[in-house]
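Presented below is the structure to which this report refers.
Proteins get letters first, then strands, A, B, ... in listed order; numbering begins at 1 in each.
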Amino acid sequence: MTAVEPAIETSGLVKAFGETRAVDGVDLVVPTGGVYGFLGPNGAGKTTTIRMLATLLQPDAGTARVLGHDLLREPDEIRARMSLTGQYASVDEQLTGAENLVLLGRLLGFAKADAAARGEELLDVFGLTEAAGKQVKDYSGGMRRRLDIAASVVVTPDLLFLDEPTTGLDPRSRNQVWDMIRALVAAGTTVLLTTQYLEEADHLADRVAVIDRGRIVAEGTPGELKRSVGSGTVHVRLADPAQRGDAETVLARVIGGEVHRDADANALSVVSSDLERVGTALVELSRAGIAVSGYRLAEPSLDEVFFALTGHPADVDEKGEEAAA
Amino acid sequence: MSTTTPASDTRAVPQALTTRTRPKRPGPLSTTWTFTWRALLKIKHDPDQLYSSFILPIMFTLVFTYLFGGALAGSTSDYLQFLMPGILVMTVIMINMYTGISLNTDITKGIFDRFRGLSIWRPGILAGALLGDALRYTIALVVVTLLGLLLGFRPEGGVLGVLGAVLFLQLFAFCLGWMWNAAGLVLKSPESVNQLSSMVLFPLVFASNVFVETSTMPGWLQVVVNVNPITHAVTAVRGLTGGTLTAEQFTWALVACGVLLLVFAPLSMYLFRSKSLR
Ligand SMILES: Nc1ncnc2c1ncn2[C@@H]1O[C@H](COP(=O)(O)OP(=O)(O)OP(=O)(O)O)[C@@H](O)[C@H]1O
Ligand SMILES: [Mg+2]
């Protein structure tokens with residue numbers, strides 16, 4: 001079998017808004033199949049990149065092939081096989097949920113009855129049957145999100161862009177959206193998803209690109225990314241706060257590095273991803289007669305990833321934020 | 001390659017998400033009709049906007065007829081015969097203004113992006129909205145005409161004349177609508193479109209022959225009034241409902257429509273395209 005062409009391939013994409021270089025030379029290769037994560041803080045250029053790739057915004061420079069078609073010359077061929085769920089719900093607020101889906105079904109070419117049937121099927125899958133007859137302006141944020149994703153899969157697309165699909169959702173709705181994404185991927189859709197959460201990228205994505213100030217600063221599997229960042233954090237909770245000093249000595253000796261006294265008087269934390277040493281440290285603590293009531297290994301946070309990759313915290317881009325306002 | 005993590009609940013991979021049947025791309029007519037249907041749904045869900053578009057014309061009819069009518073035309077009844085055609089034009093213009101506001105709402109709310117991301121016949125988005133508006137004009141014109149008849153409006157042109165006026169107003173509104181589409185595409189928010197529309201419309205309505213004969217005005221104002229497309233529309237409607245329309249009047253009215261269409265339709269389409277690829 002010959003190698004499958006990538007779903008997306010870009011070279012030197014640039015988009016500036018006045019002085020702001022929102023996207024500043026992005027080279028991406030998104031393989032066909034699976035989830036590709038696009039990770040970055042506020043104002044990094046995620047939405048701008050996605051809007052260009054979804055044929056909604058003209059790039060200032062650079063080229064891209066999406067689903068085998070040239071972005072500038074064959075946008076309509078791309079549109080026929082691609083869907084975008086934007087960062088802010090793009091459904092008609094005055095219409096009901098069912099009407100929104102019928103509208104899109106009709107625009108995609110379904111006959112009226114087929115569009116209605118497809119709409120009902122999707123409302124059911126997305127848990128919106130009860131709200132089908134309500135105007136979307138009366139929907140909650142989570143319901144809107146789900147309807148918005150449903151609207152993007154009236155015909156299951158070959159490529160689906162999801163711009164921060166879970167931002168602002170409660171954990172239950174978030175899990176529902178994750179399930180939808182997995183089901184779509186299992187059905188053969190390539191998903192490009194932007195997120196501000198490393199955890200989300202880690203759960204869903206096969207590969208991740210990290211974008212900062214319009215440039216890609218890292219690319220790889222979530223595992224590679226975390227390894228390049230290095231350590232997570234080990235949190236240890238003691239049964240007796242009086243033993244915190246002793247425990248600190250043990251942890252410093254076995255794990256090394258700086259042991260941090262948490263605000264909670266029972267807790268200590270230390271940066272490490274060396275599971276073997278963490279294990280040894282726990283054994284040493286019990287040998288020293290220090291009772292541990294619990295411990296937790298925390299992954300590196302987005303902030304840590306950013307700090308490691310870019311040398312500055314994720315949320316420092318004050319100027320970009322003001323420009324967005 | 002793909003993620004194989006099972007769904008967290010026991011439900012099997014929803015069959016619905018794997019359906020990949022793509023029907024044939026719909027043609028221009030079908031696309032336009034679908035957008036018309038959307039416009040009709042909006043009338044159904046939000047009839048208040050339609051009702052509120054009657055209020056101003058009705059108020060103006062009552063105030064001008066009974067307060068100023070005697071002074072302006074000698075008797076309220078004579079003035080009503082003169083005023084009603086102008087009010088019909090005003091009715092249509094008031095609704096027409098919403099064309100730009102709703103287009104702008106679509107853009108700022110993001111639904112426009114969804115449409116632009118589809119492989120569809122794009123002019124259908126605007127054409128469908130305009131057809132939906134045509135229904136609004138018809139409803140409003142029927143209501144306002146009935147009110148006029150109730151107050152004593154007796155169009156000499158008869159039923160045919162009134163029907164002709166309604167048809168002409170559809171054409172006029174269609175052409176004028178492109179001006180609001182252009183505004184809706186350029187401005188940043190529905191509120192600013194609303195403000196601009198009111199700022200442009202009120203002077204245009206008053207600097208026309210809606211309320212008084214052009215011949216009663218000072219010369220410099222007559223110049224302004226005579227280049228105002230609303231004046232030519234009012235003259236045509238007055239001629240049609242009164243049964244006195246001359247070929248010259250009708251030609252000027254068509255020229256006014258044509259100019260609006262030729263300037264603002266290409267401008268709107270240009271703005272529409274410049275917002276995305278191709
Ligand atoms: N239409 C626009 N006009 C002017 N500046 C813009 C516009 N869109 C985006 N920008 C600027 O471009 C930069 C990138 O914005 P973009 O929306 O792509 O970021 P993002 O990564 O999606 O951020 P967020 O996580 O907040 O959604 C920001 O500095 C933003 O202010
Ligand atoms: Mg964004």
Side-chain angles (χ1 to χ4, degrees), chain A residues 31 33-35 51 54-58 71-72 75-77 79-84 86 88-96 99 103-104 106-111 114 118 121-122 124-125 135 151-153 155-156 158 175 178-189 203-206, chain B residues 1-9 11-27 30-31 33-35 37-46 49 102 105-122 124-125 128 273-278:
Chain A
V35 177
R51 283 173 57 81
T55 76
L56 296 178
L57 199 64
Q58 179 104 39
L71 181 64
L72 299 174
D76 228 44
E77 282 75 3
R79 287 182 196 124
R81 291 172 54 204
M82 163 283 296
S83 282
L84 163 70
Y88 307 102
S90 47
V91 280
D92 194 325
E93 301 205 330
Q94 278 177 292
L95 268 48
T96 67
E99 286 164 352
L103 176 69
L104 284 159
R106 298 283 288 149
L107 291 175
L108 289 162
F110 284 104
D114 296 339
R118 179 65 179 151
E121 185 180 23
L122 286 172
D124 181 39
V125 170
Q135 278 179 280
S152 298
V153 299
V155 169
T156 309
D158 294 332
N175 282 329
W178 285 5
D179 286 345
M180 302 298 164
I181 295 172
R182 290 185 182 118
L184 282 164
V185 168
T189 298
H203 267 88
L204 289 173
D206 304 295
Chain B
M1 175 85 247
S2 67
T3 323
T4 48
T5 326
S8 64
D9 58 3
R11 195 180 53 215
V13 172
Q15 175 65 32
L17 296 181
T18 67
T19 325
R20 210 175 284 266
T21 40
R22 178 174 290 278
K24 232 180 90 224
R25 186 183 197 257
S30 160
T31 306
W33 169 242
T34 303
F35 281 108
W37 176 70
R38 171 173 178 247
L40 300 187
L41 287 176
K42 287 184 186 254
I43 301 181
K44 188 181 107 185
H45 286 304
D46 197 2
Q49 200 189 50
S102 48
T105 308
D106 283 354
I107 295 172
T108 45
K109 293 263 180 195
I111 179 85
F112 199 65
D113 272 351
R114 178 164 303 279
F115 297 146
R116 289 198 309 141
L118 296 171
S119 168
I120 55 171
W121 187 69
R122 299 212 171 173
I125 305 176
R273 290 204 180 117
S274 71
K275 285 188 163 262
S276 73
L277 302 173
R278 206 197 280 164

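Between A:Ser90 and B:Gly110, the shortest heavy-atom contact is CB-O, 3.1 Å. Between B:Ile111 and A:Asp92, the shortest heavy-atom distance links the atoms CD1-N, 3.6 Å. Between B:Pro23 and A:Gly109, the shortest heavy-atom distance links the atoms CB-O, 3.5 Å.
For B:Lys24, the part sitting under 4.5 Å from any heavy atom of chain A is the backbone (N, CA, C, O) and nothing else. With a 4.5 angstrom heavy-atom cutoff, A:Leu84 touches chain B only via backbone atoms. Neither the backbone nor the side chain of B:Trp121 comes within less than 4.5 Å of any heavy atom of chain A. No part of A:Ala111 comes within reach of chain B, as not one of its non-hydrogen atoms sits under 4.5 angstrom from that chain. Neither the backbone nor the side chain of A:Ile181 comes within less than 4.5 Å of any heavy atom in chain B. Contact of A:Thr96 with chain B is made through backbone and side chain together, with heavy-atom distances under 4.5 Å. Proximity to chain B (any heavy atom under 4.5 Å) is shown, for A:Asp114, by neither the backbone nor the side chain.
With no hydrogens or angles considered, no side-chain donor-acceptor pair links B:Ser30 and A:Arg106 at under 3.5 Å.
For B:Arg114 (side chain) and A:Val91 (main-chain N/O), no donor-acceptor pair under 3.5 Å exists by modelled atom type. Proximity of a side-chain donor or acceptor of B:Arg22 to a complementary backbone N or O of A:Ala80 within less than 3.5 Å is detected.
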Yes or no on side chain to side chain contact (heavy atoms under 4.5 Å, CB included) for B:Gln49 and A:Gln94, after CA distance, side-chain angles and deciding distance? CA-CA 12 Å; B:Gln49 200 189 50; A:Gln94 278 177 292; over 6 Å; no
Side chain to side chain contact (heavy atoms under 4.5 Å, CB included) for A:Leu104 and B:Leu118? Distances and angles first, verdict last. CA-CA 9 Å; A:Leu104 284 159; B:Leu118 296 171; 3.7 Å; yes
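A:Arg79 contributes atom CZ, which lies 8.0 Å from atom CZ of B:Arg116 (distance to the nearest 0.5 angstrom). In this structure, A:Glu93 CD and B:Lys109 NZ are separated by 4.0 Å, a value rounded to the nearest 0.5 Å. To the nearest 0.5 Å, the span separating CH2 on B:Trp37 from CG on A:Leu95 amounts to 6.5 Å.
Here A:Ala151 is the residue among A:Ala54, A:Ala151, A:Gly86, A:Gly188 with the most heavy-atom pairs under 4.5 Å with chain B. The candidate with the highest count of non-hydrogen atom pairs below 4.5 Å against chain A, out of B:Thr31, B:Asp113, B:Asp46, is B:Asp113.
For the pair A:Asp76/B:Arg25, a side-chain contact is recorded, criterion being any heavy-atom separation below 4.5 Å from C-beta on.
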